[in-house]
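One structure is given below, encoded as structure tokens.
No hydrogens, no waters, no symmetry mates; every other heavy atom, side chains included, goes into these values. Letters A, B, ... are given to chains in the order of the sequence lines, protein chains preceding strands, and every chain is numbered from 1.
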Amino acid sequence: MQIAKVIVDIPAMQTNRPFDYAIPPAMEQKLGKGMRVEVPFNNRIIQGFITEISDHTDFEGELKEIIQPLDIEPALTEELLLLGEEMAETVYAYRIHCYQTMLPTMMKAKYEKEIEVVDELDEETFYGLFQGKSKMSWENAVDRGILPQLIELKRAGKIEVNYILKNQAKAKTVQVYYSDLETDSLEDEYRSLKKSAKQQQALLAAIMSMNGTPLTAKEYKEQFDIGPSAIRTGVEKGWLKSADREVLRDPFKDRQFKQTEALPLSDEQTAAFQTMGASIRDERHEVFLLQGVTGSGKTEVYLQLIAEVIKQGKTALMLVPEIALTPQMVNHFKSRFGNRVAVMHSALSSGEKYDEWRKIHRGDADVVVGARSSIFAPVENLGIIIMDEEHESTYKQDENPKYHARNIAIWRGQHHHCPVVLGSATPSLESRARAQKKVYTLVELKGRFNQRALPQVEIVDMRDEFKANNRSSFSVLLQEKITDRLQKKQQIVLMLNKRGYSSFIMCRDCGFVLECPNCDISLTLHMDSKTMKCHYCGHEEEIPNTCPKCKGHNFRYYGTGTQKIEEELQALFPDARILRMDVDTTRKKGGHEAILSAFGRGEADILLGTQMIAKGLDFPNITLVGVINADTSLGLPDFRSSERTFQLLTQVSGRAGRAELSGEVVVQSYNPDHYAILFAQQHNYEGFYRTEMSLRHKAGYPPYFYTALITVSNPDEKKAQKKIYEIHEILQKKLEPDTIMLGPSKGSIARVNNRYYFQILVKYKQETKLHPALKQILDESQKENARGLYISIDSEPVNFF
DNA sequence: AGCACGCCGACT
DNA sequence: GTCGGCGTGCTC
């Protein structure tokens, strides 16, 4: 008998292992590793993944049978099955979670409960409770509040609760019409028609010419000018049969892409291309750190490396940060490689995502372009993995499974014996340090395209502006330069650094700040909805008119929202056309792109936005970039705050002067002497790297130490606190003496959604005992989990919330 | 996760 | 005496 080992869809420590199922004889040849299946589990029916087919089981009891497969072909390749297993270990996640994140959300199971009548009911109950039907949905029962009566009936054995698994992954279909009649009989039909039945004659002629090939109604119309009513007649008369044909939802079907050819490479680009190309040709795994200043032509190198891979009959994976995945970016790839490019983008509908996934799965894509989760694209025969802007924190998923796409990329690169290219103008310290230690191979692009100089960056000390009685958000210098560019009809980009910043309101009389009732954080003012919102739990309330504490009416609005800056800017420059880009104006689908392309067409003089403007913006007429507040990101309680500030300033500076016109940057700051700002001004990555490395060394942070963040949360503050101290004690006993623990401390937001957070940050160099100790802590916490005590472990966290 | 089993308090 | 509270343990 054949046995399938199945990972079931129950995320719990006790079920985080394969369960054995008997394969019914009829399915023996049909089931395979990586398939989703429907299985009975503890009185229910749930989804699972087959991880292995075997002829042996250690299970002593009687095996249950697999009910049915949910796919025709395995959803997960052997590679992904293995990856998921290993990943679960390193990110402290359940295997089922890992497998689910590898697939489009549509393939995740949905469960429904229904109540079925199995025994005679008296008329009153049947017509009253069940409304004369033998089945009722669980929701219906809950809504009508009749569960108590149902429990009674259940006990009497008159009803059953059925568990239904819904496979949401449905391909979109269109109706097609074909004929299975012989030509002879069609000819007979033709002869028996009245002379006046022109439409039917035309239809029969068409059918005969198609030779049984199915066509949609639309195709009949286009090719033969036969309308739907004739087709209906054809079906009625039995000439045509209808069937469903699967179609792919193509998010780009209405777009034309002009074919582009490889551009000539500079000497430096050629050298970079050859270094990395050698590894492609030798089918050798190697990690490259491609460090190139903005405008050095990294993208063209990527495109040509991918072309090389395709030439070898292999496939390529191209990762970009979500925010950079603009249609502009997609264009580059679609134009070079045509429709064999699949794009995985969060703006796609779930159906479109599923179809792009299927396109890859079928082997119809040679190039996959996408954000973080595309690293799990089911491509076979990988020839290269490229990760652009590798320093971006969005490559780390901040919910379970907390994986970093960079690590997954390297794993897959090893598996496929292919190179991994990490590209950035401002590499993460971790990657740059690895390059220094020759773990990665450093490839540099130092020159800018067309030898264009990097923009001149001026720093304005905002403290001086304040002393000189300038209370505006714009320094005199920035105002002058804006005036100048407006006159010259050149474009301006202004960035508001919102990181670590929020707009809140405070009572001027008593100092009261409106806070979230569920979280220990002030509510943020949202002008678009005219409400106060909590960014952590979603709580929303009216903007108060009077202070709840002192009944005063004098509120002060803190925080510089883009909207407020826009008003200020417009007052200063009444004739300037300003475009604002922030979460409020880009919320709608395609809003981001619409604003960018309007700016690209020159429909505005000034683009004002948050960090999202630092990326994917490449317009020749921009000659001035202003950073309104460079330092708000410096004050965050995060050891990476300097690194992030440096990266952001460098990136936004790169927006200035990309073509014939040279650019200028004005950075306004209250900390003008901060090294992150000064090094960004000088475009000096190396200087920043060395300074930051020595600080990290002194403080004992990555890349000198590894980190793991353990977070405990509970609705009861005392319980969470007790647990974190217990964990602290266990770890103290077990870990190496040179391992450092910070904490236990309260979470940087102590309460979120009515849960209290406590955490410990473990910093270690060599630590073989940490992993088993943490696993054990997780295992043992399982019981408490049910009572609302959650433990989360984040290996190499990037956000410290 | 969700369900059955099992052991103690408040009732007909 | 029983009903039902939820703590405990299992699911192929």
Side-chain angles (χ1 to χ4, degrees), chain A residues 1-25 27-28 31-70 81 85 88 92-101 105 108-116 118 137-139 141-142 147-157 159-166 399-401 713-716 719 723 776 778-792:
Chain A
M1 183 175 56
Q2 288 225 302
I3 312 289
K5 314 239 173 223
V6 175
I7 294 284
V8 293
D9 186 12
I10 290 172
M13 226 65 212
Q14 298 93 320
T15 51
N16 193 30
R17 62 183 174 87
F19 284 82
D20 292 354
Y21 284 89
I23 298 177
M27 285 181 217
E28 264 189 15
L31 296 181
K33 280 171 86 163
M35 267 189 187
R36 296 182 306 151
V37 286
E38 202 174 315
V39 290
F41 192 74
N42 198 13
N43 285 330
R44 283 177 292 159
I45 292 164
I46 57 171
Q47 193 183 93
F49 289 91
I50 299 183
T51 57
E52 217 181 304
I53 304 275
S54 166
D55 47 17
H56 159 264
T57 177
D58 290 328
F59 185 63
E60 316 248 297
E62 197 177 333
L63 291 181
K64 290 187 181 170
E65 283 190 340
I66 285 185
I67 296 168
Q68 62 165 336
L70 289 165
L81 278 174
E85 191 179 342
Y92 304 95
Y94 303 119
R95 281 174 74 177
I96 188 69
H97 274 162
C98 295
Y99 291 144
Q100 277 165 350
T101 40
T105 38
K108 196 175 149 172
K110 268 253 161 60
Y111 299 100
E112 274 177 23
K113 280 201 260 189
E114 75 174 16
I115 298 145
E116 189 181 5
V118 291
S137 79
W138 184 265
E139 280 81 51
V142 172
L147 284 182
Q149 290 99 304
L150 292 175
I151 290 170
E152 220 164 288
L153 290 169
K154 174 84 187 0
R155 218 167 268 151
I159 59 167
E160 290 277 2
V161 179
N162 297 331
Y163 294 89
I164 308 161
L165 191 164
K166 289 242 160 164
E399 52 199 59
N400 277 329
S713 73
N714 194 281
D716 181 341
K719 284 185 185 157
K723 189 69 195 176
Q776 196 192 337
L778 274 182
D779 274 8
E780 287 167 1
S781 76
Q782 187 65 38
K783 283 189 207 96
E784 294 151 297
N785 208 325
R787 271 171 268 139
L789 189 108
Y790 298 155
I791 298 182
S792 142

Does A/Lys110 NZ have over 12 foreign heavy atoms under 6.0 Å away? no

To the nearest Å, how far apart are A/Asn162 CG and B/dG2 C1'? 16 Å

Looking only at non-hydrogen atoms, find the nearest pair between A/Ile66 and A/Leu31 and report the distance. CD1-CD1, 3.9 Å

Rounded to whole angstroms, how far apart are CD on A/Gln100 and P on B/dA1? 13 Å

Taking only N/O atoms, report every protein-nucleotides 10-12 of chain C pair under 3.5 Å with atom names and distance.
from, atom 1, to, atom 2, distance (Å)
C/dT11, O3', A/Asn42, N, 3.4
C/dT11, O2, A/Asn42, ND2, 2.8
C/dC12, OP2, A/Lys64, NZ, 2.3
C/dC12, O3', A/Asp20, O, 2.9
C/dC12, O3', A/Lys64, N, 2.8
C/dC12, O2, A/Asp20, N, 2.6
C/dC12, N4, A/Arg17, NH2, 3.3

Lys/Arg N to Asp/Glu carboxylate O, A/Glu85 vs A/Arg95, below 4.0 Å: yes

Hey, can you tell me if A/Phe49 and A/Tyr99 have their rings parallel, tilted or perpendicular (30° and 60° cut-offs)? tilted

At their closest point, which heavy atom of A/Ala141 faces which heavy atom of A/Ile115, and how far apart are they? CB-CD1, 3.8 Å

